[in-house]
**Student:** 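Could you have a look at this structure, given as structure tokens, before my questions?
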2 protein chains.
Amino acid sequence: MNDSGGNGEKKRSRRPSAERTAQRDPERTRAAILDAATREFAENGMGGARVDAIAERAGTNKRMLYHYFGDKEQLYLKVLEEAYVGIRTAERALHIGDRSPEEGIGELALFTWRYFLQHPEFLSLLGTENLHRARWLRQSVRLKELHSHLIGELSDVLEQGKKQGVFIETADPLHVYLTIASLGYFYLSNQYTLSTIFGRDLIEPTHLNAWERHIVHVTLASIKR
Amino acid sequence: MNDSGGNGEKKRSRRPSAERTAQRDPERTRAAILDAATREFAENGMGGARVDAIAERAGTNKRMLYHYFGDKEQLYLKVLEEAYVGIRTAERALHIGDRSPEEGIGELALFTWRYFLQHPEFLSLLGTENLHRARWLRQSVRLKELHSHLIGELSDVLEQGKKQGVFIETADPLHVYLTIASLGYFYLSNQYTLSTIFGRDLIEPTHLNAWERHIVHVTLASIKR
DNA sequence: CCATCAAGTAACTGTTTAGTTACCGGCTCG
DNA sequence: CGAGCCGGTAACTAAACAGTTACTTGATGG
């Protein structure tokens, strides 16, 4: 079976590391594990997630998982960090200060809602992490400054709105952000129990659109003069 | 060791079932298991909860747990049902239609916030159940009508407010309730990650009181004409 | 005083799980 | 060409787990 010893053709031996990657590709394996882990943790929580299941979803095996990430807890933390980096990075691209204050806040509300809608795994991970009282997030060194930018930019927009007389003086940046996040998070993360007890399918497009308008309406109504 | 055979005194044999319960008390054992299970499920989720841990917390053992509740899943459903019955029962005692529409809505918002604050285990259970897409709640036959009363009463108050010209015509009962619940749920259930990333201890009384006022303010601002 | 039944204990069982170890195959560099 | 290393496989291990079974204890009724 092994006939490679006979022909010293050196074929491709000059290539650095770009084409023979069809079978062996550390980067892709690593990324596949991270992606599989994100889905597994999101669907089953930290306690319910199975290491074997992650390896299988990634099309690899446990040995590689432990090789790249250490253990289950470190892998989980990596997944969580990447999720936060994802939303905060997308948020920065918004530049909510470029428009009028009112439009800026509306923009942020719309963005947050739509991001939550398109990334249910992010909401799930937050839920799991909070069940454990931020046990792993607290250990993260990467995420300390990641969020200050958001509050800073939001604060600027609110100040401008107050100066223009369109926002009330008591409007607080953290409260505004928490309001926007609350309305999106609860509706989506609790959609299953809510749909069950109120007998209305909340994920239906009609209701989804109505809630999107509602979020913008509530957010602006709470800070407009 | 067994010397009871010698004295046929019949002592206490006339008592029906009220005093010798010091050692044996099925009702208390059942209640202890339910209470222990509520805490264990709330702290660890359905997947993370341990049957042995529940038995130990209840001061009994697994045999009794399986005797009274069948298996882990049925026990979990019982816990969830009791939690819902708890909040809906307390809600009914409010009678939000007795005051002015504005006061009624404010009352409901305050009640919901304070109930969430005093029953963190309820929020936790909701989170766990939603992680599993309401898998167990859907099977519950008891909880279908439990919630219609809330929406009905809220609807009446809103109608009255519209007639009096204090509320906007588009105010929707489900949306109003979801708004109130969102603001309370997100703040409390996500307090750990939020406190970590924003560097502010959200559970501190000062912040708690500020958020309570904020919820009432936002709710009313979103429906007032 | 013995038969019965209900409340409760504790040790056991089969399965699942996170994490480890021994091994394989092919590429690369001296 | 061969030593060694890197990406990968699969079988194993020790612990933890849900659920069961064999047993004890004590009250009651005939």
Side-chain angles (χ1 to χ4, degrees), chain A residues 1-33 36-37 40-41 44-56 58-77, chain B residues 1-33 36-37 40-41 44-56 58-77:
Chain A
M1 276 165 216
N2 183 353
D3 62 339
S4 65
N7 53 358
E9 284 184 273
K10 282 193 201 172
K11 51 182 176 185
R12 281 184 235 178
S13 64
R14 279 284 150 80
R15 301 280 177 78
S17 66
E19 207 148 305
R20 65 171 176 287
T21 54
Q23 293 206 336
R24 298 209 167 185
D25 191 338
E27 281 308 308
R28 200 180 50 183
T29 300
R30 221 189 103 99
I33 292 172
E40 177 74 9
F41 283 125
N44 303 297
M46 173 63 183
R50 299 291 160 240
V51 174
D52 289 276
I54 295 171
E56 196 185 332
T60 178
N61 56 76
K62 281 196 291 187
R63 177 69 176 73
M64 291 295 95
L65 189 153
Y66 283 99
H67 177 65
Y68 288 122
F69 297 98
D71 63 7
K72 188 184 179 183
E73 301 200 7
Q74 287 179 67
L75 174 58
Y76 169 77
L77 179 55
Chain B
M1 273 160 226
N2 184 352
D3 62 340
S4 65
N7 52 358
E9 284 184 275
K10 281 193 202 176
K11 53 184 174 183
R12 281 184 235 176
S13 63
R14 279 283 150 81
R15 301 280 176 81
S17 65
E19 207 149 302
R20 67 172 174 286
T21 55
Q23 293 205 337
R24 299 208 169 183
D25 189 339
E27 281 308 309
R28 199 180 52 185
T29 300
R30 222 190 102 98
I33 292 172
E40 176 74 9
F41 283 124
N44 303 297
M46 172 62 183
R50 299 292 158 239
V51 173
D52 289 277
I54 295 171
E56 197 186 331
T60 178
N61 57 76
K62 282 197 288 187
R63 178 69 178 71
M64 290 296 95
L65 191 153
Y66 283 98
H67 177 65
Y68 288 122
F69 297 98
D71 62 8
K72 189 185 179 183
E73 302 201 7
Q74 288 179 67
L75 174 58
Y76 169 77
L77 179 56

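Quick note: numbers below take in every heavy atom, side chains included, and nothing from hydrogens, waters or symmetry partners. Just so it is clear: chains get the letters A, B, ... in the order the sequence lines come, proteins before strands, and each one is counted from 1.
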**Student:** To the nearest angstrom, how far is A:Y66 atom OH from D:dA11 atom P?
**Tutor:** 18 Å
**Student:** Taking the side chain of A:K62 as heavy atoms from C-beta outward, which of D:dG19, D:dG7, C:dA18 is closest to it?
**Tutor:** C:dA18
**Student:** Looking at D:dT9, C:dA18, C:dT9, which one has an atom nearest to any side-chain atom of B:M64?
**Tutor:** C:dT9
**Student:** Calculate, to the nearest 0.5 Å, the distance between atoms CZ and CG belonging to B:F41 and B:L77 respectively.
**Tutor:**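 Atom-to-atom, B:F41:CZ and B:L77:CG are 10.0 Å apart.
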**Student:** Quickly work out the A:I54 CD1 to C:dG19 P distance and round it to whole Å.
**Tutor:**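 Between P of C:dG19 and CD1 of A:I54: 11 Å.
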**Student:** How many whole angstroms separate atom CG of A:D52 from atom P of D:dC12?
**Tutor:** 15 Å
**Student:** Between D:dG7 atom P and A:R63 atom CZ, what is the distance in whole Å?
**Tutor:** 10 Å
**Student:** Keeping A:E40 on the side-chain end and A:V51 on the backbone end, is there a donor-acceptor pair under 3.5 Å?
**Tutor:**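 Side chain of A:E40 to backbone of A:V51: no pair is present.
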**Student:** Starting from P on D:dA18, measure out to CG on B:D71 and report it in whole angstrom.
**Tutor:** 11 Å
**Student:** Is any side-chain heavy atom of A:L75 closer than 4.5 Å to a side-chain heavy atom of A:Y68?
**Tutor:**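 No - every pair of side-chain heavy atoms lies 4.5 Å or more apart.
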**Student:** If I take atom NZ from residue B:K62 and atom CD1 from residue B:I33, how far apart are they, to the nearest 0.5 angstrom?
**Tutor:**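 Taking NZ in B:K62 and CD1 in B:I33, the distance rounds to 13.0 Å.
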**Student:** Please state how far atom CZ in B:R50 lies from atom P in D:dG19, giving the value in whole angstrom units.
**Tutor:**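 Taking atom P of D:dG19 as the reference, CZ of B:R50 is at 11 Å.
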**Student:** Relative to the 5' end of DNA chain D, which residue comes earlier, B:V51 or A:G59, by the nucleotide with the nearest heavy atom?
**Tutor:**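 Residue closer to the 5' terminus by nearest nucleotide: A:G59.
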**Student:** Within this structure, what is the CD-to-C1' distance between B:E27 and C:dA7, rounded to whole angstrom?
**Tutor:**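 Nearest whole value for this atom pair: 13 Å.
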**Student:** Check whether more than 12 heavy atoms from other residues, nucleotides or ligands sit under 6.0 Å from atom CD of A:E56, and answer yes or no.
**Tutor:**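 Counting neighbours around CD of A:E56, 12 or fewer heavy atoms of other residues, nucleotides or ligands fall under 6.0 Å, so no.
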**Student:** Taking NE2 from A:H67 and C1' from C:dT21, how many angstroms apart are they, rounded to a whole number?
**Tutor:**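 Value for this atom pair: 15 Å.
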**Student:** What's A:A49 touching, base or sugar-phosphate or nothing? Going by heavy atoms closer than 4.0 Å.
**Tutor:**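 Answer is sugar-phosphate: A:A49 comes under 4.0 Å of backbone atoms only.
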**Student:** Within less than 4.0 Å of OP1 or OP2 of D:dA18, is there a side-chain N or O belonging to B:K72?
**Tutor:**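 Checking D:dA18 against B:K72, a side-chain N or O does come within under 4.0 Å of OP1 or OP2.
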**Student:** So, OP1 or OP2 of C:dA10: does either fall under 4.0 Å of a side-chain N or O from B:N61?
**Tutor:** no
**Student:** Under 4.0 Å between a side-chain N/O of A:T29 and OP1 or OP2 of D:dG7, yes or no?
**Tutor:** no
